[in-house]
There are 2 protein chains.
Amino acid sequence: MSTADKLIGEAGRLIVNAGYNGFSYAHLAERLGIRKASIHHHFPSKVDLVVAVVEQQRTVIRQQIAALENDEPDAMAQLLAYVDYWKRCIEDQSEPFCLAGVLAVELPALPEDVGVAVRGHFNDLGEWLKRVMALGVRQGAIQLELEPETSAQFFQTAIYGAMVMARAYDDPGKFNFVVDAFLARMRTDRS
Amino acid sequence: MSTADKLIGEAGRLIVNAGYNGFSYAHLAERLGIRKASIHHHFPSKVDLVVAVVEQQRTVIRQQIAALENDEPDAMAQLLAYVDYWKRCIEDQSEPFCLAGVLAVELPALPEDVGVAVRGHFNDLGEWLKRVMALGVRQGAIQLELEPETSAQFFQTAIYGAMVMARAYDDPGKFNFVVDAFLARMRTDRS
DNA sequence: GTAGATCTACCTTCTGGTAGGTCGATATAG
DNA sequence: CTATATCGACCTACCAGAAGGTAGATCTAC
């Protein structure tokens, strides 16, 4: 793995733990056993680095979404795959919060370029969820009382709210508990 | 209003915007038109200040909760009063996020004393919500399929998730939209 | 031998924090 | 009714360390 990739990975972990202003080139250099100046060689400024971190995650997530939409025809199964991903990440604390979520909370204080990338992620996710919800309604797995848009936002809210709960109560299990309660209210008896 | 109170108020606003590491004594001093050193006179360390900010909010919220439980016998009305408070704060951007919520997202990187205060707030809120939910079920206003504990966490998740959504999409209206969708799924036809 | 990656050494600005002084109000003693 | 001691609030002037960032030398692999 290239140094640039290691930097992106480790920076992501630091941001998830402490936010944009909670990590520094010095921390990052120490973690990788290199000097600060070497980071500037790969990412001239902190904004460059953080944008790269967010964009890399967006790319990965878009790929996973595309694969899911290709391979899994069942809408509810797609949603459960997404939820399971986060359940695992939060349970084993390998990624205890969504990177873009942490940054979103700090949004008003972030450099504009970072903000653009973060909003981009939320849009990517929101658009996919709209498609899945519409599909789920057609398949009879999701209650059709509401517009797909509403269900999508409902679901996204649940995911991010559940992450905040897990962190605030220092209890990873809270994520599973709360998300499952939400899913139950979204499904029909057919799913 | 005393200088200490102004400091607590302004620090709160700065934290809500930028988080613990996103504001400094220098910012705060500038906002109030005093010198940095004067802040240290009132709050020797940054931890002292931030703990004071969180504890002040906890006190206010506990008072409001007590008043609500005294004056408003109807559980659903209590919940709506709470929701309306946040709808107003977010709509007019006077308090666009919960202070403790911002800090909760940064929790792993915060000084221990701040973490204790933040978890304290979430507990206060969670305990009240449990009481309201139990009352609401007895009054027939809230679906009784679930334990009050589950409903309480469900609701708390919705509030914090909706705040994240409003911030991430830079659209205060998203808070109302999403929270109302949640309330609809929690109520019975009787409420 | 050239290009990319890393290094040492340094800069400027900001950080939280301290030392010690000034000012005005209040309390007290003659 | 003064004179003075005390105190809280605020100030100027610092400090050490960390922040993000730069310049230029060295090392390494093709």
Side-chain angles (χ1 to χ4, degrees), chain A residues 1-56 102-103 106 108-115 117-118, chain B residues 1-56 102-103 106-118:
Chain A
M1 187 160 58
S2 75
T3 301
D5 288 339
K6 282 187 216 159
L7 282 168
I8 287 178
E10 197 61 37
R13 258 158 267 152
L14 291 175
I15 293 169
V16 165
N17 258 311
Y20 183 87
N21 291 305
F23 91 104
S24 68
Y25 271 35
H27 294 141
L28 194 47
E30 199 192 350
R31 289 279 193 112
L32 268 88
I34 62 176
R35 305 291 132 178
K36 264 192 338 167
S38 309
I39 305 178
H40 284 285
H41 173 71
H42 297 280
F43 303 99
S45 79
K46 194 180 182 180
V47 172
D48 295 325
L49 170 60
V50 175
V51 168
V53 173
V54 178
E55 290 298 347
Q56 194 254 14
V102 173
L103 293 173
E106 304 180 293
L110 295 184
E112 186 48 31
D113 290 353
V114 178
V118 169
Chain B
M1 187 159 58
S2 75
T3 300
D5 288 340
K6 282 188 215 157
L7 282 167
I8 287 178
E10 198 60 38
R13 258 159 265 152
L14 291 174
I15 294 170
V16 164
N17 257 309
Y20 183 88
N21 291 305
F23 90 103
S24 69
Y25 270 35
H27 295 141
L28 194 47
E30 199 192 349
R31 290 280 193 110
L32 268 90
I34 62 175
R35 306 291 132 178
K36 264 193 339 169
S38 308
I39 305 177
H40 285 284
H41 173 71
H42 297 280
F43 302 100
S45 81
K46 195 179 182 180
V47 172
D48 294 325
L49 170 61
V50 176
V51 168
V53 173
V54 178
E55 290 299 346
Q56 194 255 12
V102 173
L103 294 172
E106 305 180 293
L107 249 192
L110 295 184
E112 185 49 30
D113 290 353
V114 177
V116 168
V118 169

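Letters go in sequence order (proteins before strands), and every chain restarts at 1.
If you take CD1 on Ile8(A) and CZ on Arg13(A), they are separated by 11.5 Å, rounding to the nearest 0.5 Å. Within the model, atoms CZ of Arg31(B) and NZ of Lys6(B) stand 14.5 Å from one another, a figure rounded to the nearest 0.5 Å. Atom CZ of Phe23(A) and atom CG of Asn21(B) lie 11.5 Å apart (nearest 0.5 Å). Note that NE2 of His40(A) is 10.5 Å distant from CG of Asp48(A), once rounded to the nearest 0.5 Å.
Taking only side-chain nitrogens and oxygens, Ser45(A) never comes nearer than 4.0 Å to OP1 or OP2 of dG20(D). Within the structure, a side-chain polar atom (N or O) of Ser24(B) is placed less than 4.0 Å from OP1 or OP2 of dT15(C). Regarding contacts with the backbone of dA5(C), every side-chain N or O of Thr3(A) stays at 4.0 angstrom or more from both OP1 and OP2.
At a non-hydrogen distance threshold of 4.0 Å, nothing from residues 4-22 of chain B comes into contact with DNA chain C. Applying a 4.0 Å cut-off to non-hydrogen atoms, the residues of residues 33-43 of chain A that approach DNA chain C are Ile34(A), Arg35(A), Ala37(A), Ser38(A), His41(A), His42(A), listed by residue number.
Tyr25(B) has its OH atom 18 Å from the C1' atom of dA16(D), to the nearest Å. Rounded to an integer number of Å, the gap from CD of Glu30(B) to P of dC14(C) is 11 Å. When rounded to the nearest whole Å, the span between CZ of Phe23(A) and P of dA19(D) equals 11 Å. A straight line from CG of Leu28(B) to C1' of dC14(C) spans 15 Å, rounded to a whole angstrom.
Counting heavy atoms from C-beta outward, Ile39(B) and Leu32(B) have side chains that stay 4.5 Å or more apart. At least one side-chain heavy atom of Leu103(A) sits under 4.5 Å from a side-chain heavy atom of Val50(A).
In this structure, a donor-acceptor pair under 3.5 Å is present between the side chains of His27(A) and Ser24(A).
Shown here for Tyr25(B) and Phe43(B), the closest heavy-atom pair between the two residues is OH-O, 3.0 Å.
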